[in-house]
Asks: 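If you scroll down you'll find the structure; I have some questions about it.
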Amino acid sequence: MVSDIAKIAAARARDYADTFFGLGKIDMAINSLTAARQLDAELPGLDGYYTAYMVHSLMEKEKTWYEILGINNPETELSIIKKEYKKLALILHPDKNSSKAAEGAFKIVKAGYDLLSNPDKRKTYDTGLKKRARNDATTAPIPTRKEQQSSPYKRTVIIRTADKKTCIVRETSGNVCREYVKPVVNGYVRLCKF
């Protein structure tokens, strides 16, 4: 009886995953599928659903075609790319996968294979990837406000000026550095605002 309830709950979780995907909440769909797998690992079609959602998730996160096709090395031979494509196409084909995400995932994988199987397009794509990697390495990321506020490393340095009536306060938090001038009153620096 308990196993029947778990199977029903797993089927519902799988259906909820499709509903979440339809609403554009891919991460929620993946979480719901994970719950379905925990309830009933033998529920038919779970791997196909999961693969379809992951392809959409990788596309949403702007991963490379290599990553979407499950290939680690861009120097991989065409025969291996073809093998990986066929494996994914078999899982994602809408006739074999009843997920709402299957048709779109199948088209995404097909587009990636079409690009990587054409030697001229692949060469151009690889050149673009190398340029992007070089640009990412030379430019430091700009921290978001949340990263700035949640940085565990906060440091305050006080530098006295020559006139001894003011000092420079330098606060460093993560990648952000702020400097401002504060007055010295009775030999003490007033750091708080009044």
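All heavy atoms count here, side chains included; hydrogens, waters and symmetry mates do not. If you're wondering where the values come from, they're calculated on a predicted model, not measured in any experiment.
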Asks: Walk me through whether Arg122 and Ile81 qualify under side-chain contact (heavy atoms from CB on, under 4.5 Å).
Replies: CA-CA 12 Å; Arg122 183 177 179 186; Ile81 292 173; 3.5 Å; yes
Asks: Would you say Tyr113 and Tyr66 are hydrophobically clustered, going by side-chain heavy atoms of ILVMFWY under 4.5 Å?
Replies: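 They do share one cluster, since a chain of ILVMFWY contacts under 4.5 Å joins Tyr113 to Tyr66.
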Asks: Report yes if some heavy atom in the side chain of Asp120 is under 4.5 Å from a heavy atom in the side chain of Thr124; otherwise report no.
Replies: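 Not touching, per the 4.5 Å side-chain cut-off.
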Asks: Determine the interplanar angle of the Tyr49 and Tyr53 rings, folded into 0 to 90°, and report it as parallel if under 30°, tilted if 30 to 60°, perpendicular if over 60°.
Replies: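 Geometry flag for Tyr53 against Tyr49: perpendicular rings.
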Asks: Check whether His56 reaches the backbone of Ala101 with its side chain - one donor and one acceptor, N or O, closer than 3.5 Å.
Replies: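 Present.
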Asks: Let me confirm one number: the CD1-CD distance from Ile108 to Glu60, rounded to the nearest 0.5 Å.
Replies: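 These two atoms lie 10.0 Å from each other.
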Asks: Which is it for Asp114 and Lys110 under the salt bridge (charged side-chain N to carboxylate O under 4.0 Å, His left out) test, yes or no, and what are the steps along the way?
Replies: CA-CA 6 Å; Asp114 288 344; Lys110 174 79 170 116; 2.9 Å; yes
Asks: Would you name the heavy atoms of Ile26 and Ser57 that are closest together and state the gap between them?
Replies: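 The answer is CG2-CB, 3.8 Å.
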Asks: Flag the pair Ile91 / Asp47 as yes when at least one side-chain heavy-atom distance between them is below 4.5 Å, and no otherwise.
Replies: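 A side-chain contact is absent here, since even the closest heavy-atom pair is not under 4.5 Å.
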Asks: Do the side chains of Val109 and Leu116 join up, straight or via other hydrophobic residues, at under 4.5 Å, putting them in one cluster?
Replies: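 Per the 4.5 Å side-chain linkage, Val109 and Leu116 are co-clustered.
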Asks: Tell me the closest heavy-atom pair linking Pro94 and Ala102, and the distance in Å.
Replies: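 Smallest heavy-atom distance, with atoms named: CA-CB, 4.5 Å.
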Asks: Rounded at 0.5 Å granularity, tell me how far CG in Leu88 sits from CD1 in Ile68.
Replies: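 Those atoms lie 10.5 Å apart.
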Asks: What heavy-atom pair brings Pro44 and Arg14 nearest, and what distance separates the two atoms?
Replies: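 Distance-wise, the nearest heavy atoms are O-NH1, 3.2 Å.
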Asks: With hydrophobic residues grouped by side-chain heavy-atom distances under 4.5 Å, do Met28 and Leu33 end up in a single group?
Replies: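 Hydrophobic grouping puts Met28 apart from Leu33.
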Asks: If I take atom OH from residue Tyr16 and atom OG from residue Ser32, how far apart are they, to the nearest 0.5 angstrom?
Replies: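 Nearest 0.5 Å value for the OH-OG distance: 8.5 Å.
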Asks: Going by an N to O cut-off under 4.0 Å, is there a salt bridge joining Lys130 and Asp126?
Replies: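 So Lys130 does not pair with Asp126 through a salt bridge.
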Asks: What is the distance from atom OG1 of Thr51 to atom CG of Asn97, rounded to the nearest 0.5 Å?
Replies: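 Between atom OG1 of Thr51 and atom CG of Asn97 there are 8.0 Å.
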Asks: Using the side-chain contact (heavy atoms from CB on, under 4.5 Å) criterion, which residues pair with Ala89? Sequence neighbours excluded.
Replies: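 Ala89 satisfies side-chain contact (heavy atoms from CB on, under 4.5 Å) with Tyr85, Phe106 only.
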Asks: Side-chain heavy atoms nearer than 4.5 Å, only ILVMFWY residues, links allowed to pass through others: does that put Leu46 and Leu92 together?
Replies: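 Each belongs to a different hydrophobic cluster.
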Asks: Establish whether Met59 and Leu129 are linked, either directly or via other cluster members, by ILVMFWY side-chain heavy-atom contacts under 4.5 Å.
Replies: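 The answer is yes; both residues are in one hydrophobic cluster.
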Asks: I want to check something: taking the side chain as every heavy atom from C-beta on, are Thr76 and Glu84 in contact at a cut-off of under 4.5 Å?
Replies: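 The answer is no; the side chains never approach within 4.5 Å.
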Asks: Please say whether more than 12 non-hydrogen atoms of neighbouring residues, nucleotides or ligands are located less than 6.0 Å from CG in Asn72.
Replies: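 Counting other residues, nucleotides and ligands, CG of Asn72 stays at 12 neighbours or fewer.
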Asks: Say you draw a straight line from CD of Glu62 to CD of Glu67; how long is it, rounded to the nearest 0.5 Å?
Replies: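 Those atoms lie 11.5 Å apart.
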Asks: I need the minimum non-hydrogen distance between Ala6 and Asp40, along with the two atoms involved.
Replies: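 In terms of heavy atoms, the two residues are closest at O-CB, 4.5 Å.
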Asks: For the CH2 atom of Trp65 and the CG atom of Leu115, what is their distance to the nearest 0.5 Å?
Replies: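 One gets 7.5 Å once the value is rounded to the nearest 0.5 Å.
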